[in-house]
Amino acid sequence: MTRKPYRDDPDWWKSSAIYQIYPRSFCDSNADGIGDIPGIISKLDYLADLGIGAIWLSPVYTSPMEDNGYDIADYRDIAPEFGTLADMDRLIAAAAQRRIGIVMDLVVNHTSSDHEWFAEARSSRESPKRDYYIWRDPAPDGGPPNTLRSYFGGSAWALDEATGQYYLHLFAPGQPDLNWENPDLRAEIYAMMNWWLDRGIAGFRMDVIDLIGKEPDRQILNNGPRLHDYLKEMHRETLAGRNVLAVGETWEATPEMGVLFSGRSSNELSMVFQFQHVTCFWGEAGKWDPKPFDLVVFKKALNDWQRALASDGWNSLFISNHDLPRAVSRYGDATDHWRESATALATVNHLMRGTPYVYQGEEIGMTNAGFTAIDQYRDVETLNHYEETVAAGGDPKAFLAGAAANGRDNARTPMQWTAAKNAGFTAGVPWIEVNANHATINVEAQIGDEKSVLAHYRTLIALRQSHKVISLGDYIPFLEDDPRLFVFERRLDDTRLVVVCNFSGEPTEFAVPPDLETSGECVVFNHTPRDRVAGTMHLAPWEAFAVLA
Ligand code: GLC
Ligand code: CA
């Protein structure tokens, strides 16, 4: 089979930064309050100027939007609120002119219950498509087949009264799980992927991909026994020979699994999103019960991945996305050291070994939403868990505190383009409230400012493209037990890059380990340029810099 490679350089994504767009909240072109594809096209020059190599586009397919598009009703068409297939083709072409690829979100663990496959599957037990989904008889008492819970609250099984069986939905009832054991279903998915790849896209971000090998009867969800077989088959049938980026979302992956997914001879994925640096701060009750930040724990999670994937496999580097709180609010200090901490976080994230991702608004230091009342939220996960908590007699105030810290809508408030009404996102009424701080935190205010968070991101992204030590060098961590300092070195042949960051709001002394001493060119900094790393250094709060030698 002959497939046209997306680009000649098979490893183009090792020197690129990828920008994630959550279309609903990015830019609204027609004043209906919802971001759309023409809105994205209007911002491509901004993204080209930032220097990114590709856009990961959260889902834009036809969908009833119960989970903002992560519930797909037609994989081969676009939701009318986002535009048309012709708009999508225009976006692919206009991005390509700026050397920006489009990475589509691939949600194939489940569909929407509005998908025609599900309509056929539920029409009768004899339907040829019945087996595209996961059906089980009721338990002897008529209840669900087992105790599996949905990630969005409640049982993971819903009764289809007409046919008298339960179907599995690990997310909302409107998101029935697909049955990957069925070879016809797999073939349909591969055909759909090839249909998109042939339109010239740069790859896929694969939603909760480590769930597709599940065995619900044994309560095995992530990393089921056939997961790697499916991914190898998918690679062979769709990705092989195309030089596209394939990144899997894998909430349960360990560093050892990271190599299995992304190793040189695995023939599965380019890399995975791992979440150990996120979930290490979830408490007993999960995300609604966050633990305080601890730099040693954070570094251990990241350094373990760096070590495990040092000679084979590839890391993705991210500190925020559409499911997580804003990075500067979660890991930095959005109150007293907003600019310094946003730029410090970016410095360490972008200078590790791997492919960095920037979530829309992160590059201007957007912060958490600041919501205090449940009616400000739109997210199905937050709303369902709130109801469940209240129904079980839990404390709504405590839940709201958890949601304010970790709820997904923190990252979904509209992109802050200007200080004007609705942050320049829409001329209508936005589908979710705009953050009040858009008056000070916005693109327009930072665009010409060399010291801005935005300028810092631009510098970091450009450095990766011009210095192989950043894209390809070895990673050597230092001071792993230090509670305030995040320090590492990158090394490629005779080139060294030393990265130093004070992860605290206090001035901090840094006694430079003798084997780290260096002098050279300060290639990025957020406080004062430093060309020597030696002796005892006095670092300002959240000071970060990198020296190239
Ligand atoms: C992934 C997505 C999330 C979505 C879920 C179900 O975790 O990132 O937004 O709700 O999968 O598709
Ligand atoms: Ca719109």
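Index from 1, following the sequence. A quick note: this is a predicted structure, and the numbers were derived from the prediction, not measured. Counting starts at 1 for both ligands and their atoms, in listed order.
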A student checking ligand 1 against F152 at a 4.0 Å heavy-atom cut-off should list atoms 10 (O)
Of all the heavy atoms in E381, does at least one lie under 4.0 Å from an atom in ligand 1? no
Looking only at protein heavy atoms, which one is nearest to atom 8 (O) of ligand 1, and what is the separation? D323 OD2, 2.5 Å
Take D229 and K232 through the salt bridge (Lys or Arg N to Asp or Glu O under 4.0 Å) test and state the conclusion after the steps. CA-CA 5 Å; D229 293 342; K232 286 184 204 307; over 6 Å; no
If you measure from each non-hydrogen atom of R205 to ligand 1, which part falls under 4.0 Å: side chain, backbone, both or neither? side chain
Please identify which atoms of ligand 1 are closer than 4.0 Å to at least one heavy atom of H110. 6 (C), 12 (O)
Identity and distance of the protein heavy atom lying nearest atom 10 (O) of ligand 1: D67 OD2, 2.5 Å
Tell me whether the NZ or CZ atom of R76 lies within the 45° cone about the ring axis of W195 and under 6.0 Å from its centre. yes
Residue part near ligand 1, for Y22, under 4.0 Å between non-hydrogen atoms: neither
W180 six-ring face occupied by R186 cation (under 6.0 Å, within 45°): no
Under 4.0 Å from one or more heavy atoms of V208, ligand 1 contributes atoms 1 (C), 7 (O), 11 (O)
Around atom CD of E116, are there more than 12 heavy atoms from other residues, nucleotides or ligands closer than 6.0 Å? no
Does the gap between the ring centers of Y133 and W117 come in under 6.0 Å? no
The protein heavy atom nearest to atom 7 (O) of ligand 1 is E249 OE2, 2.8 Å
Check this for me, if you would: do E362 and R326 make a salt bridge, where the nitrogen-to-carboxylate-oxygen distance has to be below 4.0 angstrom? no
Taking the non-hydrogen atoms of Y151, is any one of them nearer than 4.0 angstrom to ligand 1? no
W305 six-ring centre to K300 NZ/CZ under 6.0 Å and within 45° of normal: no
Output the list of atoms in ligand 1 that are nearer than 4.0 Å to some heavy atom of H322, sorted by atom number. 2 (C), 3 (C), 8 (O), 9 (O)
Stepwise side-chain contact (heavy atoms from CB on, under 4.5 Å) test for N384 and D379: CA-CA 9 Å; N384 286 2; D379 170 29; over 6 Å; no
Numbering as shown, the atoms of ligand 1 that approach R408 to under 4.0 Å (heavy-atom distance): 3 (C), 4 (C), 9 (O), 10 (O)
Suppose the cut-off is 3.0 Å; which protein N/O/S atoms would you list for the Ca ion (ligand 2)? D28 OD1, N30 OD1, D32 OD1, I34 O, D36 OD2
Establish, yes or no, whether a centroid distance under 6.0 Å links the rings of F425 and F26. no
Pair R378 + D409, salt bridge at N-O below 4.0 Å: no
Given the options I201, T238, I102, W196 meets side chain to side chain contact (heavy atoms under 4.5 Å, CB included) only with I201
Distance under 6.0 Å and angle within 45° of ring axis: K291 vs W282: no
Among all protein heavy atoms, pick out the one at the shortest distance from atom 12 (O) of ligand 1; state its residue, atom name and that distance to 0.1 Å. D207 OD2, 2.7 Å
